Amino acid sequence: MALVVFPDGSRRDFPDGVSAAAVLKELGQRLQKEALVARVNGRVADLATVLPQEVEIEFLTFADEEGRDVYRHSSAHILAQAVKRLYPQAKLAIGPAISDGFYYDFDVPAPFTPEDLNRIEAEMARIIKEDLPITRFELSREEARALFEAAGEDYKVEIIDELPPESVISCYRQGEFIDLCAGPHVPSTGCIKAVKLLSVAGAYWRGDERNKMLQRIYGTSFPKRSLLEEHLHRLEEAKRRDHRRLGAELDLFSVREEGPGLPFFHPKGVVLYNELVSFWREEHRRRGYQEIKTPILLRRELWERSGHWDHYKENMYFAMIDEQPYAIKPMNCPGCILLYQRRLHSYRELPIRIGEMGLVHRHELSGVLHGLMRVRSFTQDDAHIFCRRDQVKAEILAIIEIVEYFYRTVFGFDYHVELSTKPEEAMGDEAIWELAEAALREALDETGMPYRVNVGEGAFYGPKIDFHLRDCLGRTWQCGTIQADFVMPEKFDLFYIGEDGQRHRLVMLHRVVFGSLERFIAILTEHFAGAFPVWLAPVQARVLPITERHTAYAAEVTCFLEEAGVRAELDARNEKVSYKIREAQVQKVPYMLVVGDREISEHTVSVRHRAEGDLGPMPPGVIRDRIVAEIKARRI
RNA sequence: GCUGGGGUAGCUCAACGGCAGAGCAGCUGACUUGUAAUCAGCAGGUUGUGGGUUCAAAUCCCAUCCCCAGCUCCA
């Protein structure tokens, strides 16, 4: 007998050799219909899996993340099968589930066209209609090799050859199609209800640009047509939040052909920018930071000394001035270091925290430029902390606290953390890197926050903690970062005078909180869909006189607000109020103040909030106080 | 940088070898307006740029720039 334990703790006996599917038959109708795979003793497995003697089992549906991944993964197999039917010469690479769907990479002689996608989608529908059972079988490494070699599937053979010796090699079969795959999968192709192929793009084999470029087809699938429609609708909605679109609509910024990746900030965008900077200054002054400004252009020698010339040249811009080679700064650290070196520093001064709103220029590949998210000139809210070794951890913790305060408390963002370790091209010896990594890791562990390790993604001079935020489509962008640097202090011979009167090597921390003002503004715009919190809103209140005879009073109200520090505007155009309101709404102005005969005689304003609607009449002082309080509290 | 798609009025788009158009925005005038678009008129273009094919090119071909999606890379 097999003892089966369910998630609710209930237990039942089944005959030996019972499958998960057979157990499922004894359960509720709804679950039978929706179950895709089972979690068997913690491992996700096919429903056909034969259960061991004593087992904890849980059935997973599309509602579970793992169930969803399996569903999408099976969809990817159907995609591959369809492609093989239509293009037998196509070679299969990999086809995983991703957050909102799946993709499959193919090596084909000619790239797929959008019309090809339609044909493939139609073939997928046929495969789904055929309702082919999806079955697993295991085989030896030699058998697997022989199978895929005979089929001409070079990539699969490569994958097999690189599987660790102890691994079980499995394949999944559906009709005439067999794919090397660890699984699990849904029981049959008919389980997939609604599929849509979304796009084709080139993708390097194994993500390495030295390898062949394959054709990647992206798609998504859902158990119901309506869920797919909803998802596609959400994608459309997300596009309305796109900061590039809102940037133009709200007149915040633009990028022109005259300078790809070199953004122009418009007056309204600058208001936002300045608000962020003054908030940043306030918070950093409070936390013991000084602020400096260093040149954008410095002699090339400096960059040779810092290692940028050797490790970062490809990303830098250069200039000749009076026959001397110069470089435009891609980072602020060398400039800051020069200032640290201008005099001796006592151990009593440490840690020294020096901030800089530094405008840097980096030659990013043309294909990666993206609105304000990825540009070639941007302002980092940089700071460098010069400290003793025993101060490193406390300093890192203090920076993490600033990030948490900014991101979560002030802006209400959700974020995730990554630890990036030594890259291939790095300066400094192994021991120094281990020390630096340990410092970051210890601090992170102390906070208890979860983090992912990003192997080989660190800066060339040190490992880093990265803070990532999401855009409107769920893509993540690195914003904040903390880098522990034991290398630059060596390169530039940075020291302090200790209690003993001797020179001691110090440690340098590089850090940004916003990351870059540009990227942060982009994230901010998408997160709030352009309806910025009042303290950031370029226009905080717009006064709307009903007719010309109310303009004088409206101007008075506008002045009254401006005197209290509110960014108020008067809309004196000869238009109907409804027209002015619509415009103010479209511009996401938080407060609209309507004034007409009634307001003049009662000395009030009729207030409309962009989200709450008509708030009724109130004395100007009341709404002024409300707005001022909201600004002061930086309410979100 | 690579793969694919795309660039037509300030914006969104139509015309897809045969006279370059519409809506919104803009300007002018009328209307004096009460919580998401008043009406009428006017103006707006070397169809990204350069070359080619053709009697004729926005449309076909080549090159180039820029944009979009993805890959790679990064704040």
Side-chain angles (χ1 to χ4, degrees), chain A residues 103 105 110-114 116-117 198-218 239 242 244-245 248-249 254-261 312 314-315 330-331 358 360 362-376 378-382 420 423 457 459 464 466-469 473 475 477-481 510-520 522-523 544-551 573-586 592-599 606-610 613-617:
Chain A
Y103 68 78
D105 285 349
F112 297 113
T113 64
D116 291 335
L117 285 198
L198 298 168
S199 60
V200 222
Y204 302 106
W205 166 237
R206 306 214 146 163
D208 189 329
E209 63 182 328
R210 287 166 299 196
N211 288 341
K212 183 160 189 191
M213 181 165 269
L214 309 174
Q215 292 299 311
R216 175 173 297 178
I217 299 180
Y218 283 92
K239 283 188 192 149
D242 190 309
R244 291 165 300 184
R245 179 178 173 146
E249 284 173 3
S254 57
V255 189
R256 317 197 26 128
E257 275 208 23
E258 289 83 347
Y312 211 73
E314 305 305 308
N315 286 294
M331 295 187 194
V360 297
R362 297 183 183 175
H363 180 255
E364 301 294 344
L365 294 178
S366 60
V368 307
L369 302 178
H370 184 94
L372 285 186
M373 292 280 189
R374 191 73 186 275
V375 290
R376 284 175 171 168
F378 56 101
T379 308
Q380 293 185 302
D381 63 318
D382 217 343
S420 297
E457 296 293 310
K464 53 184 191 168
D466 302 323
F467 300 90
H468 295 249
L469 293 170
L473 289 173
R475 297 174 289 208
W477 296 88
Q478 185 191 312
C479 292
T481 175
H510 309 240
R511 46 112 284 174
V512 286
V513 179
F514 290 134
S516 84
L517 271 293
E518 288 75 5
R519 182 174 288 181
F520 200 82
I523 296 273
L544 315 176
I546 288 171
T547 73
E548 268 166 31
R549 68 175 181 279
H550 309 120
T551 310
R573 290 175 305 171
N574 183 11
E575 296 289 350
K576 290 167 96 169
V577 226
S578 53
Y579 178 87
K580 296 182 187 178
I581 282 177
R582 184 188 144 77
E583 278 216 341
Q585 284 285 152
V586 169
M592 287 152 271
L593 278 45
V594 178
V595 296
D597 291 334
R598 284 204 298 272
E599 287 74 15
S606 284
V607 179
R608 179 187 164 104
H609 185 269
R610 69 181 167 205
D614 195 347
L615 302 180

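Per chain, numbering begins at 1; letters A, B, ... match sequence-line order. It should be emphasised that the depicted structure is a prediction, and the values quoted were computed from it without experimental measurement.
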**Message:** Say we look at B/rG34 and B/rA69: how far apart would their P atoms be, to the nearest angstrom?
**Reply:** 43 Å

**Message:** Measuring only the P atom in each nucleotide, how far is B/rG6 from B/rG17? A whole number of Å is fine.
**Reply:** 15 Å

**Message:** From the set B/rG34, B/rA36, B/rU32, return the single nucleotide nearest to any side-chain atom of A/D597.
**Reply:** B/rG34

**Asked** Which letter, B, S or -, goes with each nucleotide of nucleotides 68-75 of chain B from 5' to 3', with contact meaning a protein heavy atom under 4.0 Å?
**Response** SSBBBBBB

**Prompt:** Can you tell me if the side-chain N/O atoms of A/R608 get under 4.0 Å from OP1 or OP2 in B/rA36?
**Reply:** yes

**Request:** Report the residues that fulfil side chain to side chain contact (heavy atoms under 4.5 Å, CB included) with A/S516, sequence neighbours left out, ordered by chain and then residue number.
**Result:** A/F378, A/E518, A/R519

**Asked** Tell me: CD of A/E548 to P of B/rU32, nearest whole Å?
**Response** 11 Å

**Prompt:** Among all residues two or more places apart in sequence or in another chain, which pass the ring-ring contact (aromatic ring centres under 6.0 Å, His included) test with A/Y312?
**Reply:** none

**Asked** Want to know the stems of RNA chain B: at least 3 consecutive Watson-Crick or G-U pairs with distances under 3.5 Å, which are they?
**Response** B:1-7 with B:65-71, B:10-13 with B:21-24, B:26-30 with B:38-42, B:48-52 with B:60-64

**Prompt:** For the pair made of CZ in A/R573 and P in B/rA37, what is the distance, rounded to whole Å?
**Reply:** 14 Å

**Request:** Taking atom P in both B/rG5 and B/rA75, compute the distance separating them and give it to the nearest angstrom.
**Result:** 32 Å

**Message:** As an exercise, state the distance from CD of A/Q478 to CE of A/M373, rounded to the nearest 0.5 Å.
**Reply:** 13.5 Å

**Request:** Could you check which of B/rA36, B/rG34, B/rU32 has an atom nearest any side-chain atom of A/V577?
**Result:** B/rG34

**Request:** Take atom P in B/rC19 and the same atom in B/rA56, then report the distance between them in whole Å.
**Result:** 15 Å

**Message:** With hydrogens left out and only the distance checked, is there a donor-acceptor pair under 3.5 Å joining A/E599's side chain and the base of B/rG34?
**Reply:** yes

**Request:** Any chance you could list the contact pattern along nucleotides 7-12 of chain B? Use B for base contacts, S for sugar-phosphate-only contacts and - for none, protein heavy atoms under 4.0 Å, 5' to 3'.
**Result:** B-----

**Message:** Expressed as a whole number of angstroms, how long is the span from A/K576:NZ to B/rC31:P?
**Reply:** 15 Å

**Prompt:** Can you tell me how far C1' in B/rU28 sits from the matching atom in B/rG18, rounded to whole Å?
**Reply:** 37 Å

**B/rA37 versus B/rA20 - spacing of their P atoms, nearest Å** = 38 Å

**Value in whole Å for how far the P atom of B/rG5 lies from CG of A/L117** = 11 Å

**Asked** What integer number of Å spans the P atoms of B/rC60 and B/rU47?
**Response** 15 Å

**Complete:** Taken in chain and number order and not counting sequence neighbours, the residues that satisfy side chain to side chain contact (heavy atoms under 4.5 Å, CB included) with A/E457 are A/S420, A/N454

**Message:** With a 4.0 Å cutoff (strictly under), does any side-chain N or O of A/Y579 reach OP1 or OP2 of B/rA25?
**Reply:** yes

